[in-house]
Asker: 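Submitted below is the structure of interest, expressed as structure tokens.
Only a predicted model underlies this, so the values are computations on that prediction, with no experimental measurement involved. Indexing begins at 1, ligand by ligand and atom by atom, following the structure's order.
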Amino acid sequence: MYKKFQDHLTGTLSEIREAGFYKNERIIVSPQGAEIELNTGQKVLNFCANNYLGLSNSQSLIDAAKKALDDHGYGMSSVRFICGTSDLHKELEKKLAEFFGTEDTILYAACFDANGGVFEPLLTEEDAIISDALNHASIIDGVRLCKAQRYRYENANMEDLEKQLQAAMAQRFRLIVTDGVFSMDGNVAPLDKIAELAEKYNAMIMVDESHSAGVVGHTGRGVTELFNLRGRVEIITGTLGKAFGGAVGGFTTGKKEIIEILRQRSRPYLFSNSIPPLVAAAGIRMVEMMTETNTLQDKLHRNSEYFISEMKKLGFDIKPTKSAICAVMLYDAKLSQDFASKLLSEGIYVIGFYYPVVAKGQARIRVQLSAAHDTEHLDKAIRAFEKVGKEMGVIQ
Ligand SMILES: *Cc1c(COP(=O)(O)O)cnc(C)c1O
């Protein structure tokens, strides 16, 4: 039996390779940070991590994790409701709710699980989910697991959202779902307009703050802070794997009855292990740090503004962004790959994205800024972009 299946897989793998979609992994042998070392010995500046606040290798988080390792041990060997809930889990849940201005929080092993487990316990075939077309894969999968009627609107298109809401008036409850920041363009969901439409059509709102938490808004509280809507959306999901330390873990935070139902019925919560106490302890420390000072957010915002304005001065075509994601548009798949590999030889690690990750003809290099970058790192990247851009005829 396996022989036939093996031939089938080998065939599929060669198709992926021939189409140019095969993903190779670069191997990093240093901690995550602005400067990393690859297993080839090459040292590069990293502009493609979600390490927005530079916390992935924060001494403060490492110390908090080490302390928890000593006094809480390594693993929980249980799901939360059997014997997998420690004081650290409860404290992190409370701290995240304070951070986002919500009522309660439930932790998951990942935001993929938070999104996978949020819809099915809350909504039935009598209800409607109205989802942005560019929402994260985990939202799409979560919606698939739920029996609610599905409506999709074009990315951040409020006319289309209104049309879909009108159609969804046939259902009992309506939930609008959007990413806070869309990962490919870095654009922010127009939450102010979404909230107006939600009011008009009597709908609830869920925002996935994975790319916006810690990043967007003056104090990094995300898009609800940016649009002055703290406490006004019913559900927020997010990850501990990006700005919030970059290890692992996800959460849903929002109205307390919603969180209570999720604790009773959400399958990835009920049937998957608790996050290690050391991750919870570092998470607690992370929220405390963000509450004490705004220096990391301020530095990230300054870095993003500086990089983007310098790139625009050089003549690069940059997608409008309000996040730490800067899409340098090249429009050609091969060019995006060649450009990225030339940048790597210049010591700048970025990724070129093209169809099907982005729309056809929308190839680009995505640069992710971080509070870990110093001005000299940014200047080195800008000079490398200028050099390669001129060589390849992208800029004058
Ligand atoms: C990264 C991301 C996720 C997944 O987060 P994990 O904690 O890594 O599973 C979910 N939603 C969005 C919008 C993301 O960007």
Asker: Would you compute the distance between atom OH of Tyr153 and atom CG of Asn135 and round it to the nearest 0.5 angstrom?
Answerer: 6.5 Å
Asker: According to side chain to side chain contact (heavy atoms under 4.5 Å, CB included), who are the partners of Ser78, at least two apart in sequence or on a separate chain?
Answerer: Ile82, Cys83
Asker: How long is the span from the CD atom in Glu91 to the CG atom in Leu96, to the nearest 0.5 Å?
Answerer: 10.5 Å
Asker: I'd like the contact residues of ligand 1, where contact means a heavy atom below 4.0 Å.
Answerer: Ala110, Cys111, Phe112, Asn115, His136, Ser138, Asp179, Asp208, Ser210, His211, Thr239, Lys242, Gly249
Asker: Any carboxylate oxygen within less than 4.0 angstrom of a Lys/Arg side-chain nitrogen, looking at Asp63 and Lys67?
Answerer: no
Asker: What side chain to side chain donor-acceptor pair (under 3.5 Å) pairs are there with at least one residue in residues 344-358, not counting sequence neighbours?
Answerer: Glu346-Lys387
Asker: Which residues pass the side chain to side chain contact (heavy atoms under 4.5 Å, CB included) test with Pro190, not counting sequence neighbours?
Answerer: Ala156, Met158, Asp192, Lys193, Ile194
